[in-house]
Each structure stands twice: as structure tokens, then as C-alpha cells.
Amino acid sequence: MSTTENTVSSNFIRHIIAADLAANKHGGKVATRFPPEPNGYLHIGHAKSICLNFTLAAENQGGCNLRFDDTNPEKESVEYMEAIERDVAWLGFTWAGLYHASDYFDKLYEYAVELIKLGLAYVDSSTPEQMRADRGTLTEPGKASADRGRSIEENLALFERMRSGEFADGEYVLRAKIDMASPNINMRDPTIYRIRKVPHPNPRVGDKWCVYPMYDYTHCLSDAFEGITHSICTLEFEDHRPLYDWVLEKLRHKLEQDFPWTWLPQQIEFARLQLEYTIVSKRKLLQLVKENIVRGWDDPRLPTISGLRRAGFTPEAIRDFCERIGVTKKDAWIEMAVLENCIREDLNERALRAMAVLRPLKLVIENWPEDASETYQLANHPQKPALGERAVTFAREIFIEQDDFEEHPPKDFKRLIPGGEVRLRGSYVIKCEQVIKDEAGNVVELRGSYDPATLGKNPEGRKVKGVIHWVAAAHSVAAEVRLYDRLFAHPQPDTLDNFLDGLNPDSLEVLTDCRLEASLALASPETRYQFERVGYFCVDAVDSRPEALVFNRTVTLRDGWTR
RNA sequence: UGGGCUGUCGCCAAGCGGUAAGGCACUGGAUUUUGAUUCCAGCAUACCUAGGUUCGAAUCCUAGCAGCCCAGCCA
């Protein structure tokens with residue numbers, strides 16, 4: 001009956017969960033987790049996973065954990081962990097529990113010992129080179145290492161010595177004993193523990209360990225420890241699912257002993273987000289930051305959560321985007337227009353309007369008295385009176401946008417031309433009487449007149465089509481405005497041999513001579529506005545100061561007029 | 001050519017044997033003191049291809065074709 005319900009699109013994971021619930025598979029429970037490795041900042045691709053995991057749990061009265069997948073201390077740091085927590089919270093989600101895979105190291109070790117006792121894991125002294133050679137190829141089976149037949153007792157002793165620090169990095173590894181001839185390379189006796197004599201960033205771990213478990217071994221068990229029902233990850237882990245299930249199945253008896261109330265989790269894979277004209281790879285993002293190609297992880301040109309936030313995106317827009325793009329197993333490239341539409345739609349509703357002249361051109365209203373001024377109360381939002389009004393003052397000398405005057409206008413140009421009339425937004429209709437140029441022929445100033453009969457009403461006997469924004473010179477404040485454009489000129493920089501070749505050389509233009517209407521003088525950091533006829537802007541959270549305002553362009557307004 | 005996965009409008013995406021939802025983009029037109037917003041209209045006889053089963057197939061079967069992922073002591 002309702003015509004306003006937002007049609008939440010179905011997806012294959014929702015189907016799976018519905019079926020599991022119907023079959024009472026996990027005692028009617030749904031528990032998920034978002035498991036980032038703290039080796040970089042979160043980006044829009046993570047947002048897709050975050051939204052998926054948290055909403056799936058919430059839709060089914062379940063919880064979603066935030067779990068740091070911190071099993072590789074060489075790449076991870078607390079700085080990243082803190083940034084991740086901040087970003088997930090900013091997106092609007094509350095985790096049921098906050099965990100670290102590293103907090104499971106004791107248990108994980110104990111389970112590894114169990115695997116050895118079961119004859120399902122062995123300590124191998126092969127070098128990385130030897131292991132690679134023994135692994136075989138995509139079409140040929142692998143060969144067994146000489147250590148594969150080591151006795152359980154010997155494996156137990158060696159693993160204990162690995163743990164106690166007797167061996168150097170790389171001297172030994174612990175491997176699962178599965179099948180060197182498996183067509184699935186992940187099953188050819190994967191390494192599950194390696195020696196790394198480095199401290200761990202988790203303060204509760206510190207330098208306690210010098211052997212660290214690998215992802216495949218750690219992840220499935222961590223899921224089981226936490227009672228996760230649906231372990232959602234991206235497509236590249238599809239080939240790892242048999243290993244995920246193998247570990248759980250072999251250790252099932254121990255899990256059932258330690259967690260008698262729980263169940264074995266199931267891994268479900270979906271396609272990761274691919275967004276045109278940008279990059280969502282932590283490695284490449286890190287490179288852009290390290291090489292100073294951008295100004296940090298929160299550079300507004302980056303698709304990081306912190307970059308989007310600084311650019312002026314709202315959590316609501318990002319969540320809306322994640323819902324709209326859907327969840328499937330198909331490699332898909334999302335057009336940037338979808339993201340842009342989401343933020344425009346949100347900001348159109350909530351951003352207060354204001355006038356800002358980005359590239360000022362002086363216009364003197366010659367029939368307006370020297371020292372007179374007039375103040376209007378203009379609506380903060382044309383469709384929402386409830387959002388109030390602000391005062392805007394008009395005077396003899398004003399600034400208009402350079403783009404809004406054309407000496408030789410193209411066809412259908414609706415703005416100001418020599419001898420032509422245009423409406424000043426919220427004020428009078430004015431006419432351009434004279435164009436003043438410098439020696440080089442550049443237009444440096446305009447002289448004009450206003451029609452006193454046009455305030456709040458249309459002139460009689462003629463139509464004035466154009467409306468332009470303006471600011472009174474003496475009633476405006478200076479500001480720096482940063483115009484951001486897509487970071488890459490190439491739609492799929494990821495597919496290039498060197499993704500840096502796809503960079504857009506004009507991704508940032510800094511305008512230092514902008515004039516804003518006076519009401520903006522008090523704008524506080526992170527406040528978002530629509531500069532009428534120009535776009536949505538946000539006060540920069542890092543560099544803006546009351547006496548030196550800095551605005552970032554979030555996105556332009558749609559422009560149906562093709563220049 | 002080993003294994004795993006995918007193929008519905010320009011880009012996403014519903015659909016699960018009963019005769020192609022929706023969003024973005026695009027194109028018209030209306031309203032508008034933002035060339036914005038809003039509104040209204042249009043936009044796949046067609047679902048990778050070819051066969052087959054069926055009264056009926058995007059949905060089932062068979063054979064192809066195309067694309068993506070995997071040989072870290074990364075995740």
C-alpha cells in the first residue's frame with residue numbers, strides 16, 4: 001500500500017541468511033564481523049563491506065564485531081587501528097565487540113599443537129625458494145617436502161623451539177598437511193605459522209611471540225571463537241574456502257569442547273567495489289601518500305573514508321551509495337556519477353545556501369549612491385523555510401563571477417553580456433553599461449546600472465532570464481577555496497601498467513582570491529554549504545581558521561547547460 | 001590448456017519456470033529570482049552464443065564463447 005517505502009534491493013547474501021534462518025542453522029542467530037588488517041586507512045571499498053556486515057547483522061537482530069586482523073606485525077600499527085575505529089564510528093556503526101586476532105595467539109598456538117598431535121601439521125625447514133619449487137604449478141601437482149614425514153613428537157618439539165626463539169626468521173615454518181597434489185594450490189600444505197622476531201603493535205602482545213599465525217589459519221578460528229555465523233569476504237578468498245573449512249572441520253572437536261554453545265561459521269564471498277577514476281588498493285593508496293602525490297591519507301581527492309569526510313561527504317551519503325551499488329559476485333565497475341548523485345541528493349536536502357564568488361570580477365552600479373547599502377533576509381534553503389534566513393547586504397561595488405560575463409557570448413548564454421540585463425540573486429535586475437579592459441585586453445571591471453523597480457518582482461514589458469550570484473565588496477570575506485577534481489584522468493587506473501600514468505594533473509586547483517558573503521565569516525569546520533550555482537563546499541577541518549577560511553569543494557552542482 | 005567464480009539496458013541491479021523491478025546516466029517537456037531542485041514522459045519483444053526440455057525458459061539441461069581470481073614464510 002505504501003508508496004514511499006524505500007525498496008531495499010535483495011541480494012544473494014540476504015537470500016542465504018533468510019534460508020539459514022528458516023532452517024534454524026545457527027540457532028536463529030546472525031553474527032558478522034568486519035575484519036580489517038590495520039595496515040592502512042579505510043576506503044570506500046571497505047565502506048561497502050562495513051555497511052554489508054553491520055546492516056546484515058542489524059536486520060536480523062544480531063551484532064557485528066570489529067576485529068583487527070593483525071597477524072603480520074611488520075605492516076601493522078596502532079595509528080591505523082585508531083583511524084579505523086574512528087572511521088567505522090563516523091560511518092554510523094556500533095560494533096558489538098572490538099577484538100584483535102592477536103588476542104587469540106595463545107589459543108591459536110594451542111590449536112596448532114592439536115593439529116600436530118592429529119598428524120595434520122608438520123614443521124618444515126624448506127627455504128621459501130624450495131617451497132615455491134615444490135608447490136608445483138597451476139597445471140602440475142606439487143612435491144612433498146623431505147620434512148613431511150617427520151614424527152609427531154619431533155614436530156611438537158620443533159614447534160615448541162620455534163616458539164621459544166631458538167631459530168632465526170625463516171628457518172622453519174609450520175605447515176598444514178593436506179594434499180600436495182590438490183588442484184587448489186591453497187591446499188598444497190599451506191604455511192600456517194612463520195617465525196618473525198619482531199614485537200607486535202598490540203600492547204597486550206608486545207614481544208611475547210616470535211612465531212605468528214598466517215591469515216588462513218587465523219581467520220576461520222577467530223570467526224569460530226567469536227561465534228560468527230556468516231563470514232563475509234571478497235571474491236579472491238573463494239579459493240581459500242576449502243582451507244577455511246578444513247581447519248574448522250579438523251579442529252571441530254576442540255572447538256566444541258571450548259565453545260559448546262557455538263557453531264561453525266560459513267564463509268561467503270562477494271565482489272569488491274571497483275570505482276571509476278580512482279583507486280581502492282591499500283598498497284597504492286599508501287604509495288600516493290608516501291610519495292607525497294597527495295597530502296596525506298585524508299586528502300579530499302582520495303576515496304579513503306577520512307578523505308571523503310574532509311571533502312564534505314556525509315556518512316548518510318556513503319551508506320546510501322553502498323546500498324545502491326548492490327552486492328553480487330560479478331566484477332563490476334561503478335561510475336563515479338553514482339557516488340556524486342548520492343552526496344548531491346543528501347546535501348541538496350540539508351546544506352544551507354550561500355553566495356560565494358570564486359573568481360571575482362568587479363561591477364560598479366553607477367546609479368547606486370556611493371555610501372548607501374541595503375540588507376536583505378534571504379532564505380537559507382529555497383524549499384525549506386524552516387531552515388531560516390541570513391542577512392545579505394547590497395552596495396554600489398559588487399563582485400560577480402568572471403564566468404558570468406561574456407563579451408562574446410555563445411548562443412543561449414543566459415548571463416551578463418555588454419548592454420544586457422541579468423538578475424542578481426535575491427536583489428535587483430542590473431544592466432551592463434560599460435566594459436573596462438586592461439592593456440592586454442582582459443576585462444578588469446564592469447560598469448552598470450540597477451533597475452529600482454525589480455526588487456522582489458519581475459520587470460514589466462521584458463523578460464530577464466539569467467540569474468547570477470554576487471557579493472558586495474565591502475560586505476564580503478576573503479577565503480581560499482580548493483577545487484578538487486577526480487584524482488585520475490583514466491577511468492580504470494588499476495588496469496594500467498603503472499597506475500601513476502593515469503593521474504589527473506589538474507586534480508587540485510587552489511583559489512586564494514575568493515569572496516564570500518559575510519554570513520560565512522563564522523562558518524565552523526566541517527560545516528557544509530551549497531554555494532549557489534557553483535556546488536557544495538565544506539569548511540576544511542584541518543587548515544581553515546576564522547581569520548583565514550578554507551573551503552573544499554565536495555562536488556559541483558549538476559550542470560544541464562553544455563558550454 | 002589445473003582449480004574456483006562470473007556473464008540481464010551505456011553503468012549498476014532485481015528476477016529463482018508463467019511471459020523483463022528499481023537506481024545512475026541519457027533524451028524530451030513543465031515549473032523555477034540557483035542553467036540547481038522538483039515534476040511529468042521516454043529509455044532491453046530482450047536476458048553471452050547455439051542447441052534442447054516444456055503449453056510456456058533470463059530462469060531447467062547440453063555444448064560453446066568471453067571475463068575475473070589463484071603458484072607470499074601478505075591479508
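Sequence lines set the chain letters: A, B, ... in the order given, protein chains first and strands last, and positions in each chain run from 1. Treat the numbers as computed from the prediction; the structure is a model and nothing was measured.
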Students often get this wrong, so: under 4.0 angstrom with heavy atoms, is [X] touching a base, only sugar-phosphate, or nothing?
X: A:E74; answer: nothing
X: A:E37; answer: sugar-phosphate
X: A:L235; answer: nothing
X: A:Q383; answer: base
X: A:K457; answer: base
X: A:N458; answer: nothing
X: A:G136; answer: base
X: A:R423; answer: base

- Message: Whether A:R353 engages the ring of A:Y529 as a cation-pi pair (distance to the six-membered ring centre under 6.0 angstrom, angle to the ring normal within 45°) should be assessed.
- Response: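 Not flagged: A:R353 not positioned over aromatic ring of A:Y529.
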- Query: Do A:R415 and A:W561 meet the cation-pi criteria used here (NZ or CZ under 6.0 Å from the six-membered ring centre, within 45° of the axis)?
  - Reply: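 The answer is yes; both the distance and angle limits are met.
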N/O donor-acceptor pair, side chain [X] with base [N], under 3.5 angstrom:
X: A:D239; N: B:G3; answer: yes
X: A:E140; N: B:G2; answer: no
X: A:Q530; N: B:U34; answer: yes
X: A:H240; N: B:C70; answer: no
X: A:R558; N: B:U37; answer: no

Take atom [atom1] of [X] and atom [atom2] of [N], then tell me their distance rounded to the nearest Å.
X: A:K330; N: B:C9; atom1: NZ; atom2: C1'; answer: 11 Å
X: A:N341; N: B:G22; atom1: CG; atom2: P; answer: 17 Å
X: A:K329; N: B:U6; atom1: NZ; atom2: P; answer: 5 Å
X: A:I334; N: B:G10; atom1: CD1; atom2: P; answer: 16 Å
X: A:E406; N: B:G35; atom1: CD; atom2: C1'; answer: 14 Å

So what's [N] paired with, Watson-Crick or G-U wobble, going by both distances under 3.5 Å?
N: B:U38; value: B:A30
N: B:C24; value: B:G10
N: B:U62; value: B:A50
N: B:C5; value: B:G67
N: B:A57; value: none

- Is it true that A:F531 and A:Y536 have ring centroids separated by less than 6.0 Å?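 Ring centres of A:Y536 and A:F531 not closer than 6.0 Å.
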- Please report the C-alpha distance between A:Y450 and A:E421 in whole Å, then the side-chain angles of each, then the deciding distance to 0.1 Å, and finally whether the side chain to side chain donor-acceptor pair (under 3.5 Å) criterion is met. CA-CA 9 Å; A:Y450 80 107; A:E421 284 188 307; over 6 Å; no
Does the side chain of [X] get closer than 4.0 angstrom to OP1 or OP2 of [N] through an N or O atom?
X: A:R324; N: B:C12; answer: no
X: A:R132; N: B:G72; answer: yes
X: A:S10; N: B:G15; answer: yes
X: A:R344; N: B:C24; answer: no
X: A:R135; N: B:C73; answer: yes
X: A:T127; N: B:C73; answer: no
X: A:T139; N: B:U1; answer: no

- Query: Which of parallel (below 30°), tilted (30 to 60°) and perpendicular (above 60°) describes A:F237 and A:H240?
  - Reply: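 Ring orientation, 0 to 90° scale: perpendicular.
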- Of all the choices, B:A14, B:A71, B:A75, which nucleotide is nearest to the side chain of A:M214 once you look at every atom?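 The answer is B:A75.
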- Item | From B:A75, B:A14, B:C24, nucleotide with atom closest to A:E345 side chain |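 Of the options given, the side chain of A:E345 lies nearest B:C24.
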- Contact summary for A:D403 and A:F413, nearest pair of heavy atoms: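 Where A:D403 meets A:F413 most closely, the heavy atoms are O-CZ, 3.9 Å.
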- Picking from A:H219, A:E226, A:H230, what satisfies side-chain hydrogen bond (donor to acceptor under 3.5 Å, both in side chains) with A:R33?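 Only match with A:R33 under side-chain hydrogen bond (donor to acceptor under 3.5 Å, both in side chains): A:H219.
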